[in-house]
Amino acid sequence: MSSSKPTQPKGTRDFGPEQAAKRNYIVDTIKTQFIRYGFSQIETPAMENLSVLTGKYGDEGDQLLFKILNSGDFLKNSTESDFNLGSDHLLKKVAEKGLRYDLTVPFARFIVQNQHQITMPFKRFQIQPVWRADKPQKGRYREFYQCDADIVGSNDLWNEAELSLLIHDVFENLNYDGFVLKINHRELLNEMARVVGLAGKEMPFCITIDKLDKIGAEKVNVELEKLGANDQLQKVISLFDLKTSNEEKLNSYIELVGENRGTEDLSQYFKLLAAANRKNMKIELDLSLARGLTYYTGTIFEVKATDVTIGSITGGGRYDNLTGVFGLKGTSGVGISFGLDRIYDVLEEKDLFPSDLGQSSELLIAHFDETSKIHGIGVLAAVRNSGIRAEIFPDNAKIKKQFNYADKKRIPFVLVIGSEEIKTQTYALKDMKSGTQESMSLEEILNKLAKMKTA
RNA sequence: GUGGUUGUAGCUCAGUUGGUUAGAGCGCCUGAUUGUGGUUCAGGAGGUCGUCGGUUCGAGACCGAUCUUCCACCCCA
């Protein structure tokens, strides 16, 4: 025993075989849909230069970045006066890199660097971990996977509609229907802020509105009055209470606030979506949806689980000028991000994982001694060549132990080889589930297992 | 970042106002069964009570610090 128990860093986790299989199931499902919709995969490094990351997520986001200490003598460029100027100043001297905070900003960098090779509109997907120095709790980790799909170089609202269809296909294939896709538009919020006399204070307005379902309409009222809202406030807040259809909500909004880019975008979005003829859409126009990430400028999306308390499981929106900060102007993009870890938690809580996710062998070859093991290795090769997942017990152990192993790993069939079997060239094949066993030639065994597989 | 919460066997948890040798269930190992798992029976291993320090004749229990877990806020996937 070592002197202290080893542990992972706070907010990070190991994934055992069962968890990894379940995670793969989600990733495979999402990936299949991404490809079906015409997205191409890319990957980017875990670390980015801090100059790429800093300033894209607001002040709070900057604090949540994991910074990487410079290699070698990281203090060699620093003096005592640097130290006295405080950590913000010193940071630039000792750290130039950081772990990525999301997949969208690294993607923006990728586009700018590869703009001449990329054919627009560019549809990319990316499934990789991201890191945030957040305080961990349930559904919130310091290392977690995002599954992003983005379309850049196209302003058309069809992209938003297509992403909405994609979201439905992903959750449908995961057999989860407890979600709702909320949609809103930043411009709708901005105009609302102006109508209540809060022009120039759009951000604080949004942040307060976003709290509606948490602190209630009354407190939101008070906070907005403090900000300086005028007597139009009551009418505007009444919009958030509407339980009508999406189209009617939009009309109510237009009556009160008037038409703008947001209303035009959304009505076009609903029109295009209707053309797809999909049934049972779970889309809700939520005029109070704000979302924090500062780079969103148009439509915004959020998928919430209605039957599990875990926050949003997918989020996204349109950003008109994300590549602008890297020197490429006029490239609009829209994207969504599936939160693998939260979707995992939801499926786990709802018991929605298929039961046959195990990756263990379909056949174990058990043997009594060295001679039968050697013989078994030849049998194993034949079994594997026929496409059946199989393994042989590596040690010369008691047969009981080998059966126990098959039972624990839920291997459905055990092929037993001993001196009798070698002599007659027939093997005992035991069905672990039923407990029955019969003697068969190798050919018969392969046929039987192949049949079980297709059944 | 603010406030709270949790930690005892591999896992889930008991453990009385501080008192001698820290328990249970499940799991694990061995045997009953030297060519057969999952059931049954018998036996066994496994704990510096998160860590460090303090109070006390005596601490798993009380106090402090620290780490960890979970929760609310903040923010978000």
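Just so it is clear, the model here is predicted, and its values are computed rather than measured. These values consider heavy atoms only, across backbone and side chains, with no hydrogens, waters or symmetry-generated copies. Each chain gets a letter, A, B and so on, in the order its sequence line appears, and its residues count up from 1.
Not a single donor-acceptor contact under 3.5 angstrom links the side-chain atoms of A:Asp407 to the base of B:G38. Applying the 3.5 Å distance criterion, the base of B:U2 shares a donor-acceptor pair with the side chain of A:Lys135.
Listed by chain and residue number, A:Glu391 satisfy the salt bridge (charged side-chain N to carboxylate O under 4.0 Å, His left out) test with A:Lys409 (two or more places apart in sequence, or in another chain).
Of the candidate nucleotides B:U36, B:G35, B:C76, B:G35 has the atom nearest to the side chain of A:Ser419. Of the listed nucleotides (B:G37, B:C74, B:A77), B:G37 has the atom at the smallest distance from the side chain of A:Asn404. The side chain of A:Arg140 lies closest to B:C74, out of B:C74, B:G35, B:G37.
Within the nucleic acid shown, A:Glu421 comes within 4.0 Å of at least one base atom, counting heavy atoms only. Using a 4.0 Å heavy-atom distance criterion, A:Tyr141 is classed as a base contact. Residue A:Val416 is classed as a base contact, given a heavy-atom separation below 4.0 Å to a base. Heavy atoms of A:Ile207 sit under 4.0 angstrom from primed sugar atoms or phosphate atoms, though from no base atom. At the heavy-atom level, A:Asp341 lies nowhere under 4.0 Å from the strands shown. Residue-level contact check: A:Gln402 touches neither bases nor backbone, having no heavy atom under 4.0 Å from any strand. Using a 4.0 Å heavy-atom criterion, one finds that A:Gly139 contacts the bases of the nucleic acid, with or without backbone contacts as well.
Checked against a 6.0 Å centroid threshold, the rings of A:Phe353 and A:Tyr344 count as neighbours. Taking the centre of each ring, A:His185 and A:Phe301 stay at or above the 6.0 Å mark.
For the side-chain contact (heavy atoms from CB on, under 4.5 Å) criterion with A:Arg142, the lone passing option out of A:Gln8, A:Lys10, A:Arg132, A:Lys135 is A:Lys10. Partner of A:Lys448 under the salt bridge (Lys or Arg N to Asp or Glu O under 4.0 Å) criterion, chosen from A:Glu362, A:Glu443, A:Glu438: A:Glu438.
Summarising the base pairing, B:G10 is matched to B:C26 through a Watson-Crick or G-U wobble pair whose two defining distances lie under 3.5 Å. The pairing partner recorded for B:C62 is B:G54, the criterion being a Watson-Crick or G-U wobble arrangement whose two distances lie under 3.5 angstrom.
Between the side-chain ring of A:Phe144 and the base of B:A77, a stacking contact exists by the 5.5 Å and 30° definition.
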Check your understanding: Please walk me through it: do A:Asp169 and A:Tyr37 pass side chain to side chain donor-acceptor pair (under 3.5 Å)?
Key -> CA-CA 10 Å; A:Asp169 278 339; A:Tyr37 274 71; 2.6 Å; yes
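Listed by residue number, A:Met432, A:Lys433, A:Gly435, A:Gln437 are the residues of residues 432-447 of chain A with a heavy-atom contact under 4.0 Å to RNA chain B.
At whole-Å resolution of the value, CG in A:Leu363 and P in B:G37 are 18 Å apart.
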Practice item. At under 4.0 Å between heavy atoms, which parts of nucleotides 41-46 of chain B does protein reach? Answer with one letter per nucleotide, 5' to 3': B base, S sugar-phosphate only, - none. Key: ------
